[in-house]
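This report refers to the structure that appears directly beneath it.
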Amino acid sequence: QVQLVESGGGLVQAGGSLRLSCIASEHIFSSYSMSWFRQVPGKEREFVAGISWSGINTQYADSVKGRFIISKDAAVNTVYLQMNSLKPEDTAVYYCNRVMGSHDPELRKPYGSWGQGTQVTVSS
């Protein structure tokens, strides 16, 4: 079973930046599309950004469009989420996962086991 490990979270002031990483235990990023999701207590996990297995197609939630950038490096089994101009409402636990396909809406549909996530806290 593929294991995903997220890292890079932390405490940052509003307007700051963080880069999250998601490392897979197997070479999957050349074959699978991947997305980042986030969750706050009491709410459902929501889609943040996705990248197709080819790397050609990317999609973003409206709330992060223009501020976040998803990318990947299949050679090191890692997907990244560069987060700029962070806002307090970006505070959440961030997770990565494989998704059902390379385009909407499949790019927003996760499958497989979740990792432990990485906490991002943005102070005002």
Side-chain angles (χ1 to χ4, degrees):
Q1 186 174 354
V2 176
Q3 293 185 333
L4 301 169
V5 179
E6 302 92 345
S7 64
L11 174 63
V12 64
Q13 288 188 331
S17 298
L18 285 173
R19 188 176 80 155
L20 306 184
S21 299
C22 168
I23 300 176
S25 59
E26 300 177 18
H27 292 278
I28 64 171
F29 295 151
S30 296
S31 304
Y32 290 94
S33 298
M34 300 291 295
S35 291
W36 284 93
F37 300 82
R38 66 187 181 187
Q39 188 172 28
V40 297
K43 292 189 176 182
E44 291 188 359
R45 205 165 335 213
E46 65 175 2
F47 169 83
V48 175
I51 186 166
S52 63
W53 66 268
S54 67
I56 294 175
N57 183 43
T58 57
Q59 295 289 338
Y60 297 92
D62 288 342
S63 59
V64 307
K65 204 170 292 184
R67 300 187 296 122
F68 291 10
I69 301 171
I70 188 171
S71 62
K72 68 172 188 172
D73 186 341
V76 292
N77 303 334
T78 304
V79 174
Y80 302 99
L81 185 67
Q82 178 66 43
M83 306 188 297
N84 302 318
S85 302
L86 282 161
K87 304 176 180 180
E89 51 263 45
D90 294 319
T91 296
V93 179
Y94 284 71
Y95 303 86
C96 65
N97 211 336
R98 289 176 287 178
V99 290
M100 299 293 288
S102 300
H103 301 277
D104 272 344
E106 286 76 16
L107 202 60
R108 301 169 185 255
K109 298 179 180 179
Y111 76 97
S113 300
W114 294 97
Q116 83 290 347
T118 186
Q119 175 72 48
V120 172
T121 303
V122 184
S123 62
S124 57

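Here the structure is a predicted model, which means the values were calculated and not measured.
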Using side-chain hydrogen bond (donor to acceptor under 3.5 Å, both in side chains) as the criterion, list what pairs up with Ser102, not counting sequence neighbours.
Ser33
Those residues at least two apart in sequence (or on a different chain) that pass side-chain hydrogen bond (donor to acceptor under 3.5 Å, both in side chains) with Ser71 are none
Ring pair (Phe, Tyr, Trp, His ring centres under 6.0 Å): which pairs involve residues 5-24, sequence neighbours left out?
none
Does the side chain of [Y] come within less than 4.5 Å of [X]'s, by heavy atoms?
X: Val120; Y: Leu18; answer: yes
X: Tyr111; Y: Tyr32; answer: yes
X: Ile28; Y: Asn77; answer: no

Same apolar cluster: Trp36 and Ile69, side chain cutoff 4.5 Å:
yes
Where at least one partner belongs to residues 107-121, residue pairs that pass salt bridge (charged side-chain N to carboxylate O under 4.0 Å, His left out), sequence neighbours excluded
Asp104-Arg108
Donor-acceptor pairs are to be reported for all side-chain atoms of residues 38-46 against protein atoms at under 3.5 Å, with residues two or more places apart or in another chain.
unit_1, atom_1, unit_2, atom_2, d
Arg38, NE, Glu46, OE2, 2.6
Arg38, NH1, Asp90, OD1, 3.0
Arg38, NH1, Tyr94, OH, 2.9
Arg38, NH2, Glu46, OE2, 3.3
Arg38, NH2, Ser63, OG, 3.4
Gln39, NE2, Lys43, O, 3.1

Working for side chain to side chain contact (heavy atoms under 4.5 Å, CB included), residues Ser21 and Tyr80
CA-CA 5 Å; Ser21 299; Tyr80 302 99; 3.5 Å; yes
Could you go through residues 2-12 and list every donor-acceptor pair under 3.5 Å that involves a side-chain atom there, pairing it with any protein atom two or more places apart or in another chain?
unit_1, atom_1, unit_2, atom_2, d
Glu6, OE1, Gly117, N, 3.0
Glu6, OE2, Cys96, N, 3.0

Side chain to side chain contact (heavy atoms under 4.5 Å, CB included) partners for Ser54, two or more places apart:
Ser52, Ile56
How would you list, by chain and number, every residue that makes a side chain to side chain contact (heavy atoms under 4.5 Å, CB included) with Pro88, sequence neighbours excluded?
Ala14, Val122, Ser124
Which pairs, with at least one residue in [range] and sequence neighbours excluded, count as a disulfide bond (SG atoms under 2.5 Å apart)?
range: residues 32-80; result: none
range: residues 24-84; result: none
range: residues 53-91; result: none

May I ask you to list the residues sharing a hydrophobic cluster with Phe37, side-chain cutoff 4.5 Å, ordered by chain and number?
Phe47, Val93, Tyr95, Val99, Leu107, Trp114
Show your reasoning for whether side-chain hydrogen bond (donor to acceptor under 3.5 Å, both in side chains) applies to Ser17 and Asn84.
CA-CA 4 Å; Ser17 298; Asn84 302 318; 3.0 Å; yes
Could you state the interatomic distance from CG (Leu81) to CE (Met34), rounded to the nearest 0.5 Å?
12.0 Å
What distance do Gln82 atom CD and Leu20 atom CG have between them, rounded to the nearest 0.5 Å?
8.5 Å
To check you understand the geometry: which heavy-atom pair defines the closest contact between Val64 and Val48, and what is its length?
CG2-O, 3.5 Å
Give a yes or no answer on whether the side chain of Thr78 reaches the backbone of Val76 with a donor-acceptor pair at less than 3.5 Å.
yes
